[in-house]
Amino acid sequence: QVQLVESGGGLVQAGNSLRLSCAGSGRTFSAYEGGWFRQGPGKAREFVAAISYSGDITSFTDSVKGRFTSCRDNPKKMVYLQMNSLKPEDTAVYYCAAGGIGRTAQTYAYWGQGTQVTVSS
């Protein structure tokens with residue numbers, strides 16, 4: 001089985017950057033596709049980014065393209081979400097996930113506890 005723990009959230013002003021980290025455990029973690037999802041105030045959970053098990057293929061929702069990037073370090077069992085040029089609408093609880101398919105949250109088998117990102121104007 002796989003366990004995930006997110007960290008790196010916080011309160012920042014618009015235009016600043018944060019890097020979220022997802023620490024994985026379990027021998028099979030590096031073999032799974034990874035995903036990032038978020039749930040903003042009054043909103044449903046939405047897809048943010050996905051990264052292939054090797055890290056060579058990434059995809060992003062349109063609202064973050066050009067601002068967010070993702071990478072992974074499989075020997076360290078870490079996945080990262082670099083968030084640049086943050087906007088107030090990026091405010092949400094961010095979750096990392098593993099074992100799913102692309103943008104579909106329901107396909108992911110493992111989830112972290114979430115980390116709060118708050119972006120002020």
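Values reported hereafter were calculated over all heavy atoms of this structure, with side chains retained and with hydrogens, waters and symmetry mates removed.
- Between the side chain of Glu33 and the main chain of Gly102, a donor-acceptor pair closer than 3.5 Å is present.
- Listed for the Gln113 side chain is a donor-acceptor partner under 3.5 Å among the backbone atoms of Glu6.
- Note that CZ of Arg19 and CG of Leu81 are 10.5 Å apart. Values are rounded to the nearest 0.5 Å.
- Counting heavy atoms from C-beta outward, Cys96 and Val79 have side chains that stay 4.5 Å or more apart.
- Going from atom OG of Ser54 over to atom CZ of Arg72 covers 8.0 Å, rounded to the nearest 0.5 Å.
- The distance from the CG atom of Asn84 to the CG atom of Leu18 is 9.5 Å, given to the nearest 0.5 Å.
- In this structure the side chain of Asp73 reaches within 4.5 angstrom of the side chain of Pro75, judged on heavy atoms.
- Distance alone, capped at 3.5 Å, is enough to place a donor-acceptor pair between the Thr91 side chain and the Val119 backbone.
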Q: Begin from the C-alpha positions of Leu20 and Val117 and carry the test side chain to side chain contact (heavy atoms under 4.5 Å, CB included) through to its verdict.
A: CA-CA 9 Å; Leu20 304 185; Val117 173; 4.0 Å; yes
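- When all heavy atoms of Ala14 and Pro88 are compared, the closest pair comes out as CB-CD, 4.0 Å.
- At a threshold of 4.5 Å between non-hydrogen side-chain atoms, the residues Ser17 and Gln82 count as touching.
- Residues Val12 and Phe68 are members of one and the same hydrophobic cluster, defined by side-chain heavy-atom contacts under 4.5 angstrom among Ile, Leu, Val, Met, Phe, Trp and Tyr.
- Side-chain atoms of Arg103 come within 3.5 Å of backbone atoms of Phe60 as a donor-acceptor pair (strictly under, hydrogens ignored).
- Across every non-hydrogen atom of Thr58 and Ser70, the tightest pair is CG2-O, 3.8 Å.
- Ring orientation note: the planes of Tyr95 and Trp111 are nearly perpendicular, at an angle over 60° on the 30°/60° scale.
- The backbone N or O of Tyr80 lies less than 3.5 Å from no partner atom in the side chain of Ser21, so there is not a single donor-acceptor pair.
- Between Asp90 and Lys87 there is no salt bridge, since no side-chain N of the basic residue sits under 4.0 Å from a carboxylate O of the acidic one.
- Rounding to the nearest 0.5 Å gives a distance of 7.0 Å between OG of Ser85 and CZ of Arg67.
- Minimum heavy-atom separation, Val93 to Gly114: CG1-CA, 3.9 Å.
- For the atom pair CD of Gln13 and OG of Ser121, the computed distance is 9.5 Å after rounding to the nearest 0.5 Å.
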Q) So Phe37 and Phe47, ring pair (Phe, Tyr, Trp, His ring centres under 6.0 Å) or not? Walk me through it. A) CA-CA 5 Å; Phe37 296 82; Phe47 169 80; 5.8 Å; yes
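- Here the side chain of Ser52 pairs a donor or acceptor atom with the backbone of Ile57 at under 3.5 angstrom.
- Grouping the Ile, Leu, Val, Met, Phe, Trp and Tyr side chains by contacts below 4.5 angstrom, directly or via other members, places Tyr110 apart from Tyr53.
- Under the 4.5 Å side-chain contact rule for hydrophobic residues, Met83 and Met78 do not share a cluster.
- Although no hydrogens or angles enter the test, the distance criterion places no donor-acceptor pair under 3.5 Å between the side chain of Arg45 and the main chain of Arg38.
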Q) Between Gln116 and Thr118, is a side chain to side chain donor-acceptor pair (under 3.5 Å) present by the stated rule, with each step listed? A) CA-CA 6 Å; Gln116 176 71 46; Thr118 302; 3.3 Å; yes
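- Residues Ile51 and Tyr108 do not share a hydrophobic cluster, clusters being chains of Ile/Leu/Val/Met/Phe/Trp/Tyr side chains in contact below 4.5 Å.
- No more than 12 heavy atoms of other residues, nucleotides or ligands shown are found within 6.0 angstrom of CD1 on Ile101.
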